[in-house]
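This report concerns only the one structure given below.
Numbers restart at 1 for each chain; the letters A, B, ... are given by sequence-line order, proteins then strands.
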There are 2 protein chains.
Amino acid sequence: MSTAAETTGGDIEPWEEVTPDAARRLLVAAVEAFAERGYHATTTRDIAGRAGMSPAALYIHYKTKEELLHRISRIGHDRAVAILRAAAQGEGSAAERLADAVSSFVRWHAGRRTTARVVQYELDALGPGARDEILTLRRQCDAAVRGIIDDGVASGEFDVPDVKGTTLAVLSLCIDVARWFNVNGPRTPDEVGALYADLVLRMVGAEPTGAAQK
Amino acid sequence: MSTAAETTGGDIEPWEEVTPDAARRLLVAAVEAFAERGYHATTTRDIAGRAGMSPAALYIHYKTKEELLHRISRIGHDRAVAILRAAAQGEGSAAERLADAVSSFVRWHAGRRTTARVVQYELDALGPGARDEILTLRRQCDAAVRGIIDDGVASGEFDVPDVKGTTLAVLSLCIDVARWFNVNGPRTPDEVGALYADLVLRMVGAEPTGAAQK
DNA sequence: GCCGAAGCTGAGCGATCGCTTAGTGCGGCC
DNA sequence: GGCCGCACTAAGCGATCGCTCAGCTTCGGC
């Protein structure tokens, strides 16, 4: 598979959009700390320490600790929307596009587990305004997947009695990968992506494509 | 459906095993607070306040804040194991037992969302010893589901290329209900349980039973 | 060679945390 | 009725939190 969204699916931290360098180092340190201990259990001293700076340096680049989480969550959700939109708007049958969406979305959650964990599980730590902004992006994720399933139902490829509920379940299955995936475990992100694409095709009653994912 | 495990699936808080009354009130207050804000963001003053007591009263019944989480997690995991074991050891075909397991497990996560949220997502806040104890119970959950799927594969009811991975996915799907389920949303716990049981039967390649769950 | 801006540090502020201690109110037992 | 024991509270301890501020260093522009 070769959607444009795949180009940053490798092992380079995709934070090149964050400048200057010190701000990026702080942000990467915050992602790691938030993923390990959770937002509330992470101290600003810990973040600054991981970035090799004093606690006060953090406040030159970010107004508050919450702004760090907001930036991380925003960038991560933008990425999630891009992955699912690229798959939804790609070419091929609904089954191929759904398998593409699931396998690439799962690969992202597994391969970028620390980021995904923060993005998916620390949403409640944001204030109301920031959370509303993020929830809008989540609805776009939902819409992208639902669009593919709608297409498959319309074309007769899929047999789905409850499109809304099945969309929810598909996204839920992918997102939860960020909770359990273990980098030192027996499966690679690619393997989990392939397994999950197959399982989701079964859920929607499609004939397995056999090689719908990379 | 009518397994013994169902008897406490209703809307009464299943904390009657916690005595005396003040200890139970504190524990229920802690469940609500942990579910709303997370363990680390919850203060002992908040827990005591919800229980209508002074902060110091907490320490008469529990040694530390972490002991509260440990007790909650232990009771909740015992419940989860009981639900899945009851379904696995029930009568009927593998498909019926799997549908029973999924629908009752999902009903618990949706109907007891606050408890399930704490149980499933605050595990990392426990110390190493307590966490190891809980992880043992999690492996029992995994074993119960895997046993049903193994049975279905052996009897030819299921078509599952990757039993371990599929078991993981089934449990993951159920557990994530605690993250997204909304009490004020359009679906009842029963409805989600029925939907998910159907989706899981599709995942394992079983013929839908049509009415495998209550 | 001087200067101002920018990046960063050491020290520390007020607030709040988990938890402790001294003491109070009260119900049951002889 | 006097007394003991237990559940609970008011007050506060030391530690740590998010965050601030004065001052130091560095470096480009002239």
Using whole Å, what does the distance between atom [atom2] of nucleotide [N] and atom [atom1] of [X] come to?
| X | N | atom1 | atom2 | answer |
| --- | --- | --- | --- | --- |
| L69(B) | dG18(C) | CG | C1' | 15 Å |
| L26(B) | dC19(C) | CG | P | 14 Å |
| H61(B) | dC19(C) | NE2 | C1' | 16 Å |
| Y59(B) | dT20(C) | OH | P | 7 Å |
| K63(B) | dT20(C) | NZ | C1' | 15 Å |

Query raised in the report: Which is the 5'-most and which the 3'-most nucleotide of DNA chain D that has an atom under 4.0 Å from a heavy atom of chain A?
Result: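 The footprint of chain A covers dC17(D) to dC21(D).
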Between [Y] and [X], is there a salt bridge with N-O shorter than 4.0 Å?
| X | Y | result |
| --- | --- | --- |
| R97(A) | D151(A) | yes |
| R50(A) | D46(A) | yes |
| R37(A) | D124(B) | no |

Do any N or O atoms of the protein come closer than 3.5 Å to N or O atoms of nucleotides 11-13 of chain C, and which pairs are they?
{"from": "dG12(C)", "atom 1": "O6", "to": "R45(A)", "atom 2": "NH2", "distance (Å)": "3.3"}

Requested in this report: Taking all heavy atoms of T114(A) and all of A35(A), pick out the closest pair and write down the distance.
Outcome: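 Taking T114(A) first and A35(A) second, the nearest heavy atoms are O-CB, 3.5 Å.
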Query - A48(B) versus P55(B), closest heavy-atom pair with distance - result: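 Smallest interatomic distance, heavy atoms only, reads CB-CA, 3.7 Å.
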Query raised in the report: Does the ring of F34(B) carry K65(B) above it, NZ/CZ under 6.0 angstrom from centre and within 45° of its axis?
Result: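 No, K65(B) does not sit over the ring of F34(B).
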Report task. Respond yes when some side-chain nitrogen or oxygen of S54(A) is under 4.0 Å from OP1 or OP2 of dC8(C), and no when none is. Result ->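 No, outside the criterion.
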Report task. Anything under 30° is parallel, anything over 60° is perpendicular, the rest tilted; go ahead and classify F105(A) against H109(A). Result -> perpendicular
Query raised in the report: Sequence neighbours excluded, which residues qualify as side-chain contact (heavy atoms from CB on, under 4.5 Å) partners of S73(B)?
Result: H77(B), L126(B), I134(B)
